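Can you keep this structure in mind? I'll have questions shortly.
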Protein chains: 2
Amino acid sequence: MDQGGRPSPPSLNALRAFEAAARHGGYVGAAKELHVTPAAIGTQVKGLEAWLGRPLFHRLANGLVLTPEGRDVLPSLSAAFDALNGAVRAMRAVGRPRSLTVAALPCIAQLWLAPRLPDLQAAFDLDVTILTRDEQPDYARDLVDLGLYVGDAAPAGCTSVVLARDDLFPVCTPALAAGLRHPGDLAGATLLHDSVWRADWPRWLAAHGAGTLRPAREAAFSLYSVALDAALAGSGVLIGHRALVADALGGGRLVAPFGDRAVAGPPLRLIVPEGGEGMRLAPVIRWLSEGGEPGRRDGPPFT
Amino acid sequence: MDQGGRPSPPSLNALRAFEAAARHGGYVGAAKELHVTPAAIGTQVKGLEAWLGRPLFHRLANGLVLTPEGRDVLPSLSAAFDALNGAVRAMRAVGRPRSLTVAALPCIAQLWLAPRLPDLQAAFDLDVTILTRDEQPDYARDLVDLGLYVGDAAPAGCTSVVLARDDLFPVCTPALAAGLRHPGDLAGATLLHDSVWRADWPRWLAAHGAGTLRPAREAAFSLYSVALDAALAGSGVLIGHRALVADALGGGRLVAPFGDRAVAGPPLRLIVPEGGEGMRLAPVIRWLSEGGEPGRRDGPPFT
DNA sequence: CTCCAGGCCAAGAAAATCTTGGCCTCAGCC
DNA sequence: GGCTGAGGCCAAGATTTTCTTGGCCTGGAG
């Protein structure tokens, strides 16, 4: 007969933390998703378990496993948070009808998207937000409209459009190129590459009969655009991604010393979350997939 | 090209505050629902509007009206929170499979439910939580399994079972009853009533030809059970609710001086939220609707 | 055998949230 | 016309929730 003792519901944040932890199978993944530390997730989950009166996870040495109770509860909880996410997404679309958020690899953002940005904004009157992230976002949960990544397939729950092949081939200044006739000549050169793409050079060399070549020097850059700057400055030979060095090649500032001897890499893809606002964004997607040329509008982009 | 500037989603609490405010058409109602002050709701809504970049409510002098944006957004948001609520409810059921939470008018809790509670708990091995509240809870949102209120109908979204008629008729100690032959004799008595049911006496008097009667004295009690105690002590004549004075009548401690001259009031109803755990609770509901006699089990109450 | 990933905990810091109390505006009503 | 009450707004400060830090513990992999 407790007068005021209402059974207060658990905090929404605790529910969200548990849901994320269960989905990721651990606190670390959940923490990353929610942009907090694993300990914070742990605290929240513990609080929820206290509210419930029984554990939701079995704590094993190497991670977490849902208890039967947790397994029973998870689906409806996940569905609810998906619905909530959808509502928030719709809300943002209502609030900023002319905004577009694109997630992309830093180098793609800088070297492929940035040059096209003015035309894109002009063509559609958009406020574009660019998120540069090394990993693809979770399109179902993050407030991201489109992704721009290289890969052989779209992540689950997304469709994709191939925007450009992304062949690999060496590029350098014309001056350096003069001394490069055969792949073997690279042994005397400085090879430039992006540190997250350290496999690029070995792949190309192996494909062109120089798998055992040990270059005179190497230089790794954590940002591809810095590596590109180095190549432009004549510091060495960069393993070029076609989509990213096209500009420099077109202007003649860089050349491909070995011509069309390329190896194919995963293409540059425009990632489109399914079930999202595909409708609203269709003209933008078309524009991008047609190469980003301005002034190609069939009608008003938004209705 | 903002590196870390992710478009952080709005806080879950802000979303909930807005949803409640929109549903109630004002901060006051929402504040009551969420057990905070209206100012807190206002702050949250303002924060959400700031995140959105546009207002969700038109502020009128006498209240709030949703803007078109707000109206667009509300349905999906409400649906999401309904889903979340359902998940929480399911969670609690998983965590405490033998618990039952009943909301009831204080007087009903005390005078009708409390006497039956031991048998109920014994019959079903339940942990019963009783919430005494003057107003019916929001069954869709509060963590309440059943309600016990008088009324002519179940609230929206609920079904109900009539547990007992709730006729009104005067009751008093046998000693006092000796002086009461006709309704008119009440003019010389002290009339007892519950302050939230101040209409009871006038209704009965009007129905029995004493509409203009002005009693010698009146006494109002904020708790019906206290009024009942007063009647038991011989302080006056209580306007009795059949469901609540049955015990005292049965024991002979009170009598009905005018016999079966009663007026019908809204019956006592057991409120059962739809779509909830009707299944799980079916045996309990049957037991209660059969008058709360113990030992009438067809099978295990929970599966 | 050592290292590492991943979880746990406690203490303190930071942030979100709530309350208070005063102000303003309007509608309804003397 | 002036009063009154409902309902919203705001700022300041208190409170509660949530997060981080840093150290500890465990079991599996190299």
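Computed from heavy atoms alone, side chains included, the values below leave out hydrogens, waters and symmetry copies. The structure presented is a predicted model; accordingly, all values stated were derived computationally and were not measured. A note on names: the letters A, B, ... follow the listed sequences, proteins ahead of strands, and every chain is numbered from 1.
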What's the NE2-P distance between A/H35 and C/dA15, to the nearest Å?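 In whole Å, C/dA15 P and A/H35 NE2 are 16 Å from each other.
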Using whole Å, report how far CD1 of B/I41 lies from P of C/dA16.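 In whole Å, C/dA16 P lies 18 Å from B/I41 CD1.
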Is the distance from OP1 or OP2 of C/dT17 to the nearest side-chain N or O of B/S11 less than 4.0 Å?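 So the side chain of B/S11 is within the cut-off, an N or O lying under 4.0 Å from OP1 or OP2 of C/dT17.
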Which residue lies toward the 5' end of DNA chain D, B/G26 or A/A40, if each is placed at its nearest nucleotide?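 Residue closer to the 5' terminus by nearest nucleotide: B/G26.
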Separation of C/dA16 C1' from B/R16 CZ (nearest whole Å):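 After rounding, the gap between these two atoms is 13 Å.
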Would you mind classifying the nucleic acid contact of B/G42 as base, sugar-phosphate or nothing, using non-hydrogen atoms under 4.0 angstrom?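 The answer is nothing, as B/G42 stays clear of every strand by at least 4.0 Å.
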Would you indicate what A/L60 reaches in the nucleic acid, counting non-hydrogen atoms under 4.0 angstrom: base, sugar-phosphate, or nothing?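 Nothing, no nucleic acid heavy atom in range.
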Once you round it to whole Å, what is the distance between C1' of C/dA16 and CG of A/L12?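 That distance rounds to 13 Å.
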For atom CZ of B/R217, is the number of surrounding heavy atoms from other residues, nucleotides or ligands below 6.0 Å larger than 12?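 Atom CZ in B/R217 is not packed in, count stays at 12 or less.
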Any salt bridge between A/E69 and B/R96, counting N to O under 4.0 Å?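 No, no charged N to carboxylate O under 4.0 Å.
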Under 4.0 Å from OP1 or OP2 of D/dG7: is there any side-chain N or O of B/R59 that close?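 Answer no for this pair, as no side-chain N or O of B/R59 is under 4.0 Å from OP1 or OP2.
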Whole angstrom value for the distance that separates P of D/dG27 from CG of A/L64: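 To the nearest whole Å, that distance equals 15 Å.
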Going by the angle between their ring planes, with limits at 30° and 60°, are A/H241 and A/W197 parallel, tilted or perpendicular?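 Because their plane-to-plane angle is under 30°, the rings of A/H241 and A/W197 count as parallel.
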Could you tell me whether the phosphate oxygens of D/dC9, OP1 or OP2, come under 4.0 Å of any side-chain nitrogen or oxygen in B/Y27?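 So the side chain of B/Y27 is within the cut-off, an N or O lying under 4.0 Å from OP1 or OP2 of D/dC9.
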Salt bridge check, A/E33 against A/R141: does any charged N sit closer than 4.0 Å to a carboxylate O?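 Between A/E33 and A/R141 there is a salt bridge, with a charged N closer than 4.0 Å to a carboxylate O.
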Between B/D145 and B/R92, does any NZ, NE, NH1 or NH2 come within less than 4.0 Å of an OD or OE carboxylate oxygen?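 Answer for the salt bridge query: yes.
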Would you indicate, yes or no, if C/dC18 has its OP1 or OP2 atom less than 4.0 angstrom from a side-chain nitrogen or oxygen of B/Q44?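 Yes, B/Q44 has a side-chain N/O under 4.0 Å of OP1/OP2 on C/dC18.
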Hey, which sits more toward the 5' end of DNA chain C by its nearest nucleotide, A/N13 or A/G25?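 Taking each residue's closest nucleotide, the earlier one in sequence belongs to A/G25.
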Expressed as a whole number of angstroms, how long is the span from B/F18:CZ to D/dG8:C1'?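 Going from B/F18 (CZ) to D/dG8 (C1'), I get 16 Å.
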Nearest listed nucleotide, side chain of A/A39, among D/dC10, C/dC18, D/dT20: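 The nucleotide sitting nearest to the side chain is D/dT20.
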Starting at NZ of B/K32 and ending at C1' of C/dT19, how long is that distance when rounded to a whole Å?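 After rounding, the reported distance stands at 17 Å.
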To the nearest Å, how far apart are B/L15 CG and C/dT17 C1'?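 Atom-to-atom, B/L15 to C/dT17, this comes out as 15 Å.
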Determine: side-chain N/O of A/T37 to OP1/OP2 of D/dC19, distance under 4.0 Å, yes or no.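 For A/T37, the contact criterion (side-chain N or O under 4.0 Å from OP1 or OP2 of D/dC19) is not met.
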